[in-house]
Amino acid sequence: MTTRTRFAPSPTGYMHIGNLRTALYEYLIAKSAGGKFLLRIEDTDQKRLVEGATDIIYNTLNMVGMHWDEGPDIGGEYGPYVQSERKDIYAPYAHKLVELGGAHYCFCAEREKEVDEDGNEIICKFDDPCKHLSIEEARARIAKGEPYTIRQTINQTGKSHYEDKVYGIIEIDYDELDEGVLLKTDGFPTYNFANVIDDHLMGITHVVRGSEYLPSTPKYNLIYDTFGWQRPIYVHLPPVMKDAQHKLSKRNGDASFQDLLAKGYLPEAIINYIALLGWNPGTEEEIFSLAELEKIFSVERLNKSPAIFDIVKLTWMNGVYLRNLSEEDFYKKALPYMDNLPDGINKQALARVLQPRIETLAQIPEQIDFINELPDYSLELYINKKMKTDIDVAQKVMPLIINTLSEQVSWDNDSLFTALKTLAENNNLKNGQILYPARIALSGKETTPGGATELAVVLGKSETLSRLQRAVSKLA
RNA sequence: GGUCCCAUCGUCUAAUGGUUAGGACAUCACCCUUUCACGGUGGUAAUAUGGGUUCGAAUCCCGUUGGGAUCACCA
C-alpha cells in the first residue's frame, strides 16, 4: 500500500513553526516511502476563518519546496480538499454511525450542561440522558424541528490500546473518554469527526499530528472500528517549545515562518533547522537540503520529548547557508538590503566582504551604514595599542596614503594592499600603522566589514580620496 | 484535580546493558589576521532524584520530584 499523508491546517492565521514542522514530517514520511503528500483545508469552524490564511499556507509550502500531490487548487482523486465544500458528506456518515450504535442524537443545549427537574447537573459528555432515547423517539423529535447534535456513544469499559509510532503502546481507560459532539447543530461536523471521515475517504495511511491528541485517539479508533474501517498508523509529534514552560504559539508573536523570512532567514535554512528539532539522522551531519531529507528520513528516529526552538542555532545555520551560496547568488539576495547607496559604490565588492560576516540578510544595513554618510567620529578611534597607532601616527601617515592611492591605476584589493604594504615598508612602519588609520578614515567606525583596502574598493577611488582628505583636515 | 505523556551539557541531540558519556550551537582561551568576521586548535559543561534487577544501568522496573498535554457544538 502506498503511503499517504496529509497536512490539514485550519486557515486561522499565519503559519507558525510548529505547524510547519508537522507539515515537514508529514511530507517526509510520504516522500521517503515514495508516497503521496496531500493538502486539506479544515475550515469547519466558520467563526474562526481568517481572510488570506489559505494563501499563506500555499505560499509557505511552495516557498520551501514541499509540493503537494493532491489539494484544493490542483484537485485529485479524492476531492474536494476543503472541508466546507465537503459539508454534505459528513452528515450521512454521522447518521449511519447512530444506526451502528457508535453515536446518538442529543437534544441538550449548548455548553453540554443542563439542570434537570431536581436541580441536578446533567453532563452530556459523560452521562447524556439523550443517550437512552430510542432511535424512533429521537427521530420524531428531529422531525418536529427540534435542534440536535450527534454525539459519540462510548459504551465500552476497561482499557483501550493502540500503538503510536513515536510513543509506543498507549493505554487509556474507556471511562476517561467523553462523548463528544460529532455533528454540530449547524450541520457542520466537528474536527473529531470530519478528520476521521476525511482521513478514511482520502486513504490516509499515516495520521501525523501533535501529541496533544494522544489521549483522545481512542475515540477516533472507536469510530474507525464501528464503521469497520482500518485504523491508520499514528505518528504523534512532541510540541515545539518557546522555552521550558511554554509551547510555541501563534499568539505572543512567537516565531512564524513569515517573521523569520522578514528577518532575513532563508527558507532552506529554516527547513533544515526544524527538521532537526525532534529528529536526527543518526550521523553527525546536520546540513541537509529537503531533497536529502527525503532520502534519509525515518520515523524511527523521531524524538518524543519536546524541543525548545533555539533561534541562536537557527541563526548560525542560516549563516552556513549564506556562506555556502555562490558569489552571484549571495549578491542577488543581498541586493534588496543594499538599496539607497550612492553612485560609485561597488556593490559586488561589498557583497563579497559581507558574505562571511553576516548570519541573516537583515544584518546588512547595520553593517554598511557608514557608506552613505561618514559618521562624525571621535579622533580617539585612531588610537590602537595593538596596531601601534595613535593620532600622531595618523596625522603623519594620512598624506602618504593619499599620495600612494591617488597614483593607483588598478583599483582592486590586491593592488591596493600591495601598494600600501610597500608604503609601510619604505617608511619603516608596521602594516597596521598605515592600514588601521586608513580604515578609520574611510569608515569612522571601530569595526567594519573588511579592512582598509577592501573598503576602498567598495567606496571607489574618488570617494576614498575624499574621505582621506577629510581625515587630514580633521586631524589637523 | 483525574488521566495521558516526557526527563543526557545552558540549547538541539548521539550512545537501543559494557564508551575516558560522542557531536553541533552558545560560551571561554589561543592561532590566523589590515579592525571585525570567516577558518583552525583546545577548554568549561550533562545522564533530575531515591530504590531495586544485573557481574555490570544513561539504558530495564518501581517510587519521588519537575515539566508538558488533555478534560469545547476550537481545530
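Order of the sequence lines fixes the chain letters, A, B, ..., with proteins taken first and strands second; residue numbering starts at 1 for each chain.
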Checklist entry - What distance, rounded to whole Å, do you find between the two C1' atoms, one in B:rG22 and one in B:rA58? => result 13 Å
Checklist entry - Should B:rU20 form a Watson-Crick or G-U wobble pair with both distances under 3.5 Å, which nucleotide is its partner? => result none
Checklist entry - P atom, B:rC6 versus B:rU13: distance in rounded Å? => result 15 Å
Item to check | Watson-Crick/G-U partner (both atom distances under 3.5 Å) of B:rU27 | outcome: B:rG43
Item to check | Pairwise P distance for B:rA75 and B:rG66, with rounding to whole Å | outcome: 35 Å
Checklist entry - Under 6.0 Å from the six-membered ring centre of A:F107 and within 45° of its axis: does the NZ or CZ of A:R141 meet both? => result yes
Checklist entry - When rounded to the nearest Å, what value does the distance between C1' atoms of B:rU33 and B:rA24 take? => result 26 Å
Checklist entry - When the C1' atoms of B:rG39 and B:rC32 are considered, how many whole Å apart are they? => result 8 Å
Checklist entry - Listed by chain and number, what are the side-chain contact (heavy atoms from CB on, under 4.5 Å) partners of A:S298, not counting sequence neighbours? => result A:W279, A:E300, A:R301
Checklist entry - Could you go step by step and tell me if A:E327 and A:Q348 meet the side chain to side chain contact (heavy atoms under 4.5 Å, CB included) rule? => result CA-CA 9 Å; A:E327 216 174 284; A:Q348 267 94 354; over 6 Å; no
Next on the checklist: Is the phosphate of B:rA75 approached by A:K184 (side-chain N or O, under 4.0 Å from OP1 or OP2)?
Outcome noted: yes
Checklist entry - Between A:R301 and B:rA15, is there a side-chain N or O to OP1/OP2 distance below 4.0 Å? => result yes
Next on the checklist: Is the phosphate of B:rA14 approached by A:N280 (side-chain N or O, under 4.0 Å from OP1 or OP2)?
Outcome noted: yes
Item to check | Whole-angstrom distance between B:rC28 and B:rC38, as gauged at atom P | outcome: 12 Å
Checklist entry - With rounding to whole Å, what would you report as the distance between B:rG52 and B:rC71 at their P atoms? => result 40 Å
Next on the checklist: Let's test this: given Watson-Crick or G-U wobble pairing with both distances under 3.5 Å, identify the partner of B:rC71.
Outcome noted: B:rG1
